[in-house]
4 protein chains.
Amino acid sequence: MDTVARTAAGTAQPRTPRPRADALRNRERIVTAAREMFVEFGPDVPLDEVARRAGVGNATLYRNFPDRAALTHEVVLAVTSRTTDRAEEAANDEGDPFIALSRFVHAAADERIGALCPMLSGGFDKDHPELLAERRRLEEAVEGLVGRAMSAGRLRTDIAVGDVLVALSQLTRPLPGIACMNIDRFTHRHIQLFLDGLEAPARSRLTGTAATLEDLRRRT
Amino acid sequence: MDTVARTAAGTAQPRTPRPRADALRNRERIVTAAREMFVEFGPDVPLDEVARRAGVGNATLYRNFPDRAALTHEVVLAVTSRTTDRAEEAANDEGDPFIALSRFVHAAADERIGALCPMLSGGFDKDHPELLAERRRLEEAVEGLVGRAMSAGRLRTDIAVGDVLVALSQLTRPLPGIACMNIDRFTHRHIQLFLDGLEAPARSRLTGTAATLEDLRRRT
Amino acid sequence: MDTVARTAAGTAQPRTPRPRADALRNRERIVTAAREMFVEFGPDVPLDEVARRAGVGNATLYRNFPDRAALTHEVVLAVTSRTTDRAEEAANDEGDPFIALSRFVHAAADERIGALCPMLSGGFDKDHPELLAERRRLEEAVEGLVGRAMSAGRLRTDIAVGDVLVALSQLTRPLPGIACMNIDRFTHRHIQLFLDGLEAPARSRLTGTAATLEDLRRRT
Amino acid sequence: MDTVARTAAGTAQPRTPRPRADALRNRERIVTAAREMFVEFGPDVPLDEVARRAGVGNATLYRNFPDRAALTHEVVLAVTSRTTDRAEEAANDEGDPFIALSRFVHAAADERIGALCPMLSGGFDKDHPELLAERRRLEEAVEGLVGRAMSAGRLRTDIAVGDVLVALSQLTRPLPGIACMNIDRFTHRHIQLFLDGLEAPARSRLTGTAATLEDLRRRT
DNA sequence: GATGAATGAGAGTTCATTCAT
DNA sequence: CATGAATGAACTCTCATTCAT
């Protein structure tokens with residue numbers, strides 16, 4: 001926002017403080033509506049419905065986002081950004097770093113990060129610079145959480161950031177048609193079970209099953 | 001009984017005069033194609049494409065399955081049934097019951113049970129008797145696996161069958177647009193992490209974090 | 001039927017009495033089913049449904065009638081023929097010739113002659129020789145009824161055979177979707193009202209309204 | 001009042017901001033096209049064709065009328081309404097009340113009221129309040145015409161409004177595939193014959209045939 | 001700048017007709 | 001010969017996107 005403001009000032013545009021007031025509001029409402037409806041109905045929800053929920057005409061939506069990809073981009077960006085915020089908040093926790101990591105994971109679930117999964121399939125530019133940057137920020141933040149937990153001997157040493165994010169996303173993916181903006185108890189329970197699997201045992205807990213794990217990999 | 005049967009057939013069995021070898025083959029191919037494409041492209045894949053992949057005309061598909069719901073029903077039934085078979089196979093394992101359970105979970109992933117998730121959202125009768133029966137069979141089989149592992153002290157005692165099946169399904173849900181009939185290494189890894197969380201510790205491992213868990217529940 | 005038998009004998013075909021037994025029966029059942037369903041559901045009824053009602057496979061229907069036009073042709077022929085039979089029966093009445101004509105008109109309604117109307121629109125050859133001949137026979141029979149009634153001074157002298165047949169057909173046209181093989185009381189009442197309009201008055205009844213009739217023609 | 005209206009518009013009339021001149025025009029054109037094509041091709045005419053005739057895209061038709069039933073509803077309403085107008089015009093006639101009734105019947109034929117018959121079979125809500133109201137209006141108007149003609153001794157006393165409307169509708173039902181928006185002479189002739197049957201004789205004309213009528217009812 | 005309306009391309013489903021058993 | 005199955009063309013309806021007000 002700083003950047004935008006400075007640029008505007010630099011080009012010596014007239015203030016134009018007014019015309020943006022409701023326009024920005026509209027844009028905001030569209031993104032919010034889109035996020036909710038992507039969660040509720042999946043990524044194929046009719047855009048006219050999104051516009052209706054946002055309380056604007058469909059053409060207004062298209063003025064702000066030329067096509068579905070643009071809107072998806074914005075929603076993914078917004079969710080990623082909010083999730084990153086949660087990661088950074090958790091990073092400020094003073095206590096047990098594994099608890100901090102856990103807190104982040106549950107908070108990310110509440111941001112409905114899982115709803116992004118189906119959008120990663122296509123129809124929009126996954127590698128858009130803006131998105132890459134935001135994802136990098138998220139990964140760095142989580143990297144911090146993971147690193148600290150690992151250093152403290154509270155997290156298994158074979159866990160990567162990707163493990164956490166992907167599994168978290170999958171576990172919180174909504175079922176289309178189920179109207180539910182809030183992750184339910186049941187899902188938080190599964191997240192916790194997963195987290196339990198990440199926790200480092202007092203001693204080397206895995207050694208016992210290591211052989212059989214290899215065996216499992218050779219299934220079928 | 002053979003004699004009786006042959007006699008009946010020879011005398012007067014006016015209905016179902018022939019099993020129509022090719023028709024059955026077609027039906028089979030349609031279900032197979034549908035399963036693959038549901039995995040690959042999600043539950044909204046155009047049925048014409050399914051027919052094309054099956055190598056039949058679209059009307060042939062509609063003759064066998066009057067609408068999408070009917071086809072979905074059949075696919076769900078087939079996957080459930082195959083998954084149950086895996087559960088029963090695993091139940092025959094002689095060794096460590098937790099390993100048996102784990103083996104089943106990985107095998108179920110390979111059956112792409114996760115692909116069923118989006119279909120559960122609607123568009124077909126989830127409570128069809130045929131489906132209920134099959135689901136019951138699956139649950140019973142898994143119940144056996146879970147019970148034995150628990151009795152052996154190898155599984156946490158706060159785990160229910162539903163936990164296993166739902167988390168398993170979510171973790172293996174395919175990303176539409178990613179052509180992949182085989183669950184990849186990465187996914188098996190996440191499944192294993194989740195299983196690790198289910199394993200009972202030598203001592204009561206959870207006591208240490210119990211208080212903080214409560215704390216986590218109070219997130220938001 | 002006489003004609004057919006004589007032809008067969010004249011060409012000295014081998015008897016071939018057997019193979020036709022059930023084939024003819026099938027053909028008959030198809031025509032009957034078609035007549036009923038044309039009456040009930042209109043001329044666009046799916047031919048597969050006709051075959052089902054006839055209790056034969058659809059291909060059997062197509063073997064007997066290469067396309068819808070052929071089947072329609074046969075049904076129109078059959079109804080026309082039966083209607084002609086009614087006309088000839090009525091011609092044998094000894095009593096009042098207007099009553100005889102009326103009796104025919106009501107009987108023709110019961111044959112569902114009105115069901116033929118929508119078939120005259122297209123999709124089959126209205127001027128097929130076989131049909132022309134049958135129609136000629138019908139017209140001649142009705143001509144006889146009309147002529148006698150007129151000669152007896154019981155029928156208005158400005159009525160033509162076409163007036164009777166067309167109006168009769170229109171008044172008895174079934175409403176698709178209304179399952180009713182028997183013309184109802186209400187329809188017979190309308191037919192009777194129409195017949196009342198055809199009856200010659202004791203004196204020249206029309207003279208009074210002749211002027212105003214001309215006036216009516218100048219409506220709007 | 002002009003002032004008031006303008007003020008209201010100027011101040012705050014947030015809903016229905018404009019009558020959208022062209023949209024109304026489109027809707028009108030669709031209904032007109034539909035009426036014509038229902039008459040010409042029957043109630044199953046492809047809606048895409050209707051849209052083409054109306055000069056709009058098919059989706060525009062579907063925007064205005066969500067499904068065929070909605071369009072049928074509108075057409076039935078329009079024809080009923082116009083027919084009622086004709087009835088009320090005829091009711092203003094000063095002369096012979098039977099002539100007035102006759103004038104209405106011929107005028108209703110020109111409105112193609114008969115084209116509605118096949119639509120009454122199903123596919124739309126026959127008992128929609130809007131339609132019931134309009135039909136009631138029509139029946140009342142015709143009731144007036146019939147009542148006056150009867151009081152004047154010009155109409156048979158055993159005639160009901162339903163007789164007139166149903167017979168009229170049947171007699172003017174178009175033959176699908178015959179492009180003809182104007183009822184032809186021939187049809188008007190049949191209507192007139194029917195009307196002749198409704199006219200009260202100078203003396204009690206029916207007594208002579210009463211017995212035989214009973215006889216006719218015993219046909220079959 | 002915002003809106004409602006318009007559009008064409010596409011998906012699901014049905015049906016007349018043909019084919020293989 | 002009779003049958004069930006297969007097929008492609010046609011029709012209804014939806015939706016992303018563009019246009020006129």
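From a predicted model like this one, the values you see are computed outputs, not experimental measurements.
- For the pair D:R173 and C:L175, the minimum side-chain heavy-atom distance is below 4.5 Å.
- Using a 4.5 Å heavy-atom threshold, the side chains of B:L47 and B:N58 count as separate.
- A:L24 has its CG atom 15 Å from the C1' atom of E:dA2, to the nearest Å.
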- Query: Could you go step by step and tell me if C:V79 and C:R112 meet the side chain to side chain contact (heavy atoms under 4.5 Å, CB included) rule?
  - Reply: CA-CA 8 Å; C:V79 173; C:R112 308 309 317 250; 5.8 Å; no

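- Nucleotide E:dA11 has F:dT12 as its partner under the Watson-Crick or G-U criteria, with both atom distances under 3.5 Å.
- Across all strands shown, E:dT21 pairs with F:dA2; the Watson-Crick or G-U wobble distances both stay below 3.5 Å.
- Put simply, the side chain of C:D67 does not reach to within 4.5 Å of the side chain of C:F124, judged on heavy atoms.
- A 6.0 Å sphere centred on CZ of C:R53 holds more than 12 heavy atoms belonging to other residues, nucleotides or ligands.
- To the nearest angstrom, C1' of E:dG12 lies 13 Å from CG of B:L71.
- Annotation: A:E49, atom CD; neighbour count of heavy atoms from other residues, nucleotides and ligands within 6.0 Å is above 12.
- Comparing D:Y62 and B:N64 against DNA chain F, the residue whose closest nucleotide sits nearer the 5' end is B:N64.
- Rounded to a whole Å, the CZ atom of B:R63 is 16 Å from the P atom of E:dC19.
- Across residues 45-61 of chain C, C:V45, C:P46, C:L47, C:D48, C:N58, C:A59 each have a non-hydrogen atom less than 4.0 Å from an atom of DNA chain E (numbered order).
- Summarising the geometry, the separation between CG on B:N26 and P on F:dA6 is reported as 4 Å, rounded to the nearest angstrom.
- If you take CZ of D:R27 and C1' of E:dA6, they are 15 Å apart, rounded to a whole angstrom.
- Atom-to-atom, CG of D:D44 to P of E:dA16 comes out at 12 Å; the value is rounded to the nearest Å.
- The CZ atom of C:R68 sits 14 Å away from the P atom of E:dT18 (whole-angstrom rounding).
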Could you go through B:L77 and B:E130, starting from their C-alpha distance and side-chain angles, then the distance that decides it, and tell me whether this counts as side chain to side chain contact (heavy atoms under 4.5 Å, CB included)? CA-CA 8 Å; B:L77 200 61; B:E130 210 177 1; 3.6 Å; yes

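- Between the CZ atom of D:F65 and the C1' atom of F:dT12 there is a distance of 16 Å, rounded to whole Å.
- If you find the closest nucleotide of DNA chain E to B:D67 and to C:D67, the one lying nearer the 5' end belongs to B:D67.
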